[in-house]
2 protein chains.
Amino acid sequence: MAAALTRRQIVETADRLFYENGFGATAFADIAASIGISRGNFYYHFRTKDEILDAVIGLRLQKTEALLADWEKQAETPRDRIRRFVHILVANRAKIMLYGCPVGTLCSELAKLDHLALGRAGELFALFRSWLSRQFDALGRSADADALAMHLLMRSQGVATLAAALRDEGFIEREVQAMNLWLDAQCPAIPPPTI
Amino acid sequence: MAAALTRRQIVETADRLFYENGFGATAFADIAASIGISRGNFYYHFRTKDEILDAVIGLRLQKTEALLADWEKQAETPRDRIRRFVHILVANRAKIMLYGCPVGTLCSELAKLDHLALGRAGELFALFRSWLSRQFDALGRSADADALAMHLLMRSQGVATLAAALRDEGFIEREVQAMNLWLDAQCPAIPPPTI
DNA sequence: GTCTATAGCCTGATAGAC
DNA sequence: GTCTATCAGGCTATAGAC
């Protein structure tokens, strides 16, 4: 039963280190040292580094699904739900300024490595994309819901990349405000209640 | 005199390989093999890998300055100049879909490595930023010229990151069109000529 | 200036004791 | 399940022949 715990520790620590230092720059020794296990123990749980990457992406997919389901439950209107998405830039700004977006930077690295896992990592974007698309659809923008979802994803990626490159915190807040204004402009005026 | 040639070959090849495969994933052996020189010869021109990175950033800064000066000369109006900037996404879309933006991906990697050269790499963004800012200023938007410049930089970064992650070419074209529409909306209406 | 040879370290991965 | 010991191979960097 201790196996399940150790395995989970490995995946969660790898998740953090892949984000903070990059996949290629993270060695088994780093993960092992951070948990307090030996490098040898590693291979009882995973046979290769790529298997760990796969487990990390799986964990992120799982966490993302839970996050989106939570937003769906917590927020009442599609507009408020989309605002939750925009707000992660503010909530995570400290880490974003240091390491960028966990999804975007992983995909960028895997693209350069021509790594097979790029497809699976892209599913993380696909989750946000289809969720946002459904919100825009519910907002009455069914014709261009997917384009609006991609546009918002694009802006969040641009903000994260530039904020990390220039280490500029104020920039995040200004662009988040612009994103919220843009979002309001996409919402059709709500008809006044008929009394 | 052959030294200058070899040195230039090293920097230009490193520039390409850092872009295509990443800084960390590019070994001296890769650069040497691509040029056709020995690994040992390397250290006659550069003492460390970081020195090569510095030279690569220097080359990119130089090329960027030349590019911006060329746009300044080729295009007549500020609006046309800014459109030149937007157009690089289309002109380089094949490579962008494979490797993302050369500036953004390098900065992302250096940020994770906590590399000292991040500051110098950020100067590449600063060049585009101040150039774009001057164009918006000339467009009559002196009050928010810098914010508009950052906004456009942000969008180009978002487009490059997402296009590379999802390997989606149509997305680049749609967003470039949206960027051009946005740009037109920022231009104050040109008063009709007084006859 | 460019080469070959090699040092010294770190990497992912394996074998086998406990 | 976890450990120690170890392997083969890759890396940056150096030394010295030509």
Side-chain angles (χ1 to χ4, degrees), chain A residues 1-58 106 109-110 112-118 120-121, chain B residues 1-58 106 109-110 112-118 120-121:
Chain A
M1 272 302 99
L5 172 66
T6 303
R7 192 195 150 92
R8 223 189 61 200
Q9 282 180 310
I10 290 173
V11 178
E12 283 177 357
T13 305
D15 179 26
R16 180 175 58 83
L17 293 178
F18 286 178
Y19 175 41
E20 294 177 357
N21 305 328
F23 169 67
T26 301
F28 281 19
D30 301 323
I31 306 172
S34 184
I35 306 173
I37 61 171
S38 70
R39 270 165 301 162
N41 187 4
F42 246 93
Y43 293 85
Y44 175 81
H45 304 276
F46 299 95
R47 269 170 303 179
T48 66
K49 197 181 177 184
D50 285 349
E51 273 190 17
I52 300 179
L53 173 61
D54 209 56
V56 166
I57 295 174
L106 178 62
E109 184 175 359
L110 295 181
K112 280 187 201 292
L113 296 177
D114 207 12
H115 199 292
L116 262 173
L118 174 62
R120 188 119 190 278
Chain B
M1 274 304 95
L5 172 67
T6 303
R7 192 194 150 92
R8 224 190 59 200
Q9 281 180 311
I10 290 174
V11 178
E12 283 178 355
T13 305
D15 180 27
R16 180 174 58 82
L17 293 179
F18 287 178
Y19 176 39
E20 293 177 357
N21 304 328
F23 169 67
T26 301
F28 281 17
D30 301 324
I31 306 173
S34 183
I35 306 173
I37 62 171
S38 71
R39 271 165 299 158
N41 187 3
F42 246 91
Y43 293 85
Y44 175 80
H45 303 277
F46 299 95
R47 270 170 301 178
T48 66
K49 198 181 178 184
D50 285 349
E51 274 190 16
I52 300 179
L53 173 62
D54 208 57
V56 165
I57 296 173
L106 178 63
E109 185 175 358
L110 294 181
K112 280 185 201 294
L113 296 177
D114 207 12
H115 199 293
L116 262 174
L118 173 62
R120 188 120 192 277

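The sequence lines fix the lettering, A, B, ..., with proteins before strands; numbering per chain opens at 1. Remember, it's a predicted structure, so these values are computed and weren't measured experimentally.
A straight line from CZ of Phe42(B) to P of dT12(D) spans 9 Å, rounded to a whole angstrom. His45(A) has its NE2 atom 15 Å from the P atom of dT14(C), to the nearest Å. Note: CD (Gln9(A)) to P (dG1(D)) measures 14 Å, nearest angstrom. Rounded to whole Å, the distance from OH on Tyr43(B) to C1' on dT14(D) is 9 Å. One can place CZ of Phe23(B) at 14 Å from P of dC11(D), the figure rounded to the nearest angstrom. dT11(C) atom P lies 11 Å from atom CD1 of Ile31(A), rounded to whole Å.
When heavy atoms are screened at a 4.0 angstrom cut-off, Phe28(A) is found touching the sugar-phosphate backbone but no base atom. Residue Tyr44(A) is in base contact, counting any heavy-atom pair closer than 4.0 Å across all strands shown.
Taking only side-chain atoms of Ala2(B), from C-beta outward, the nucleotide of dC11(D), dG1(C), dT2(D) with the closest atom is dG1(C). Here the nucleotide nearest the side chain of Ser38(B), chosen from dT4(C), dC3(D), dT6(C), is dT4(C). Closest to the Thr48(B) side chain, of the nucleotides dC3(D), dG1(C), dA13(D), is dA13(D). Between dT4(C), dG1(D), dA13(D), one nucleotide has an atom nearer to the side chain of Ala3(A) than all others, and that is dG1(D).
Rounding to the nearest 0.5 Å places CD1 of Ile35(B) at 9.5 Å from CG of Leu5(B). Between the CD1 atom in Ile37(B) and the OG1 atom in Thr13(B) there is a gap of 8.5 Å [rounded to 0.5 Å].
Ring planes of Phe42(A) and Phe28(A): parallel class, angle under 30° (limits at 30 and 60°).
Annotation: cation-pi pair Lys49(A)/Phe23(A) present, NZ/CZ under 6.0 Å from the ring centroid and within 45° of its normal.
OP1 and OP2 of dG1(C) both lie 4.0 Å or more from every side-chain N or O belonging to Thr6(B).
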